[in-house]
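Keep in mind it's a predicted model, so treat the numbers as computed, not measured.
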Amino acid sequence: MTIRTPALLLFAVSLIGIVLQGTHSLAQHAGTSQGATAPSALQRYLDMDCGVRTEEGKSAIKEVLAFQTDLLPEFIRILSQGPDKQTIENLAQRLEREWAEREEFIKKNPRNVLTTEDLAALHALTKKEYFERHRRRLDRKYREKAAFALAAFGSAQARQALEAARKATEDTELKRIFNAALELMGQAQ
């Protein structure tokens, strides 16, 4: 299997190093943030937009690995179902605010800032399309992060969840992500 997306490749390569160091050892000796809990480690990891090679990324991965036992079921759930209801509701609230700001911007007739083509594209985009695009993006981000966290865990249960998710999805991009995570697990053995 060939990984083609540069961001995915960088993420996978970074996790290879963590997995090859031994997740059990990392989980026992992880330098978790003071006061970190399994839910806070999970949310920090899922919300992280930086690479895993940054200090923030390394710290987030270590926290997740430190709470591996507690987080395994939640990552399996995210892998198969995507973000939870509260996360989707929070996204919808944020998008409502963004849409209102967008509409206000369009009303100001920003011809001095945007080209005619840009304005046409803004007018062509429906609210439903805008919301759906962002919901799909969040869903894919969470499932991708779950896949690579499970790969870092390296357990038989994590492998079974990845194989089941790969088999269940018709989304070719998600299938490719799940294959990359499984391939990563194979390199750690």
Side-chain angles (χ1 to χ4, degrees), residues 3 5-12 14-15 18 23 32-33 35-52 54 56-102 125-155 157-182 184-185:
I3 301 172
T5 307
L8 179 61
L9 178 60
L10 179 60
F11 190 75
S14 298
L15 277 177
I18 291 170
T23 58
T32 59
S33 298
T37 63
S40 68
L42 173 71
Q43 201 59 55
R44 181 173 176 220
Y45 173 73
L46 292 172
D47 291 343
M48 179 183 71
D49 287 326
C50 65
V52 293
T54 65
E56 180 185 356
K58 288 176 188 175
S59 175
I61 297 272
K62 285 180 181 181
E63 283 182 2
V64 164
L65 290 171
F67 295 107
Q68 177 176 339
T69 303
D70 296 333
L71 294 178
L72 179 66
E74 184 60 12
F75 278 122
I76 290 172
R77 187 205 60 75
I78 292 169
L79 187 71
S80 64
Q81 299 172 18
D84 64 11
K85 183 179 177 181
Q86 184 61 50
T87 300
I88 293 171
E89 287 174 7
N90 291 344
L91 174 68
Q93 290 171 0
R94 181 178 60 86
L95 293 177
E96 283 289 348
R97 288 189 303 273
E98 288 178 8
W99 187 262
E101 291 170 3
R102 173 194 178 278
L125 181 65
T126 68
K127 185 176 181 179
K128 182 178 178 179
E129 291 169 333
Y130 180 76
F131 277 56
E132 185 59 25
R133 181 182 302 162
H134 283 279
R135 192 204 56 75
R136 279 193 318 265
R137 186 177 297 145
L138 179 70
D139 184 76
R140 181 164 290 143
K141 174 185 175 182
Y142 270 47
R143 289 177 192 245
E144 178 178 341
K145 292 215 173 201
F148 285 108
L150 290 170
F153 292 172
S155 69
Q157 190 177 5
R159 178 180 293 284
Q160 289 170 346
L162 282 164
E163 289 170 348
R166 177 183 61 188
K167 195 176 282 187
T169 189
E170 294 180 19
D171 182 323
T172 56
E173 181 67 15
L174 280 177
K175 194 174 291 272
R176 191 179 61 71
I177 289 166
F178 299 158
N179 281 332
L182 284 163
L184 181 62
M185 286 181 86

Non-neighbouring partners of T126 that pass side-chain hydrogen bond (donor to acceptor under 3.5 Å, both in side chains), sequence neighbours left out: E129

Note: D171-R143 ion pair, threshold 4.0 Å (strictly below): no

Ring pair (Phe, Tyr, Trp, His ring centres under 6.0 Å) involving Y130 - partner list, sequence neighbours excluded: W99, H134

For the student: nearest non-hydrogen atoms of Y45 and A149, plus distance: OH-N, 3.6 Å

Gap separating the CD1 atom of I88 from the CZ atom of F131, nearest 0.5 angstrom: 13.0 Å

Residue list, side-chain contact (heavy atoms from CB on, under 4.5 Å) with A147, at least two apart or on another chain: L79, L162, I177, F178, A181

Residues in side-chain contact (heavy atoms from CB on, under 4.5 Å) contact with D70, at least two apart in sequence or another chain: A38, F67

Inter-residue atom distance L150.CG - I78.CD1, 0.5 Å rounding: 9.0 Å

Closest heavy-atom pair and its distance - M48, A60: SD-CB, 3.8 Å

Qualifying residues under side-chain hydrogen bond (donor to acceptor under 3.5 Å, both in side chains), relative to E96, sequence neighbours excluded: K127

Test side-chain contact (heavy atoms from CB on, under 4.5 Å) applied to E101 - qualifying residues, sequence neighbours left out: none

side-chain contact (heavy atoms from CB on, under 4.5 Å) partners for R136, two or more places apart: E132, R133

Side chain to side chain, R97 and R94, heavy atoms closer than 4.5 Å: yes

Salt bridge flag under 4.0 Å for residues R44 and E63: yes

Qualifying residues under salt bridge (charged side-chain N to carboxylate O under 4.0 Å, His left out), relative to D84, sequence neighbours excluded: none

CG on L72 to CD on Q157, rounded to 0.5 Å: 4.5 Å

Nearest-0.5 Å distance that lies between atom CG in L174 and atom CG in D139: 7.0 Å

Inter- and intrachain pairs under side chain to side chain donor-acceptor pair (under 3.5 Å), touching residues 161-170, at least two apart: R166-N179

Separation between CD of Q93 and CG of L91, rounded to the nearest 0.5 Å: 9.5 Å

Rounded distance [0.5 Å steps], CG in L65 versus CD in Q68: 6.0 Å

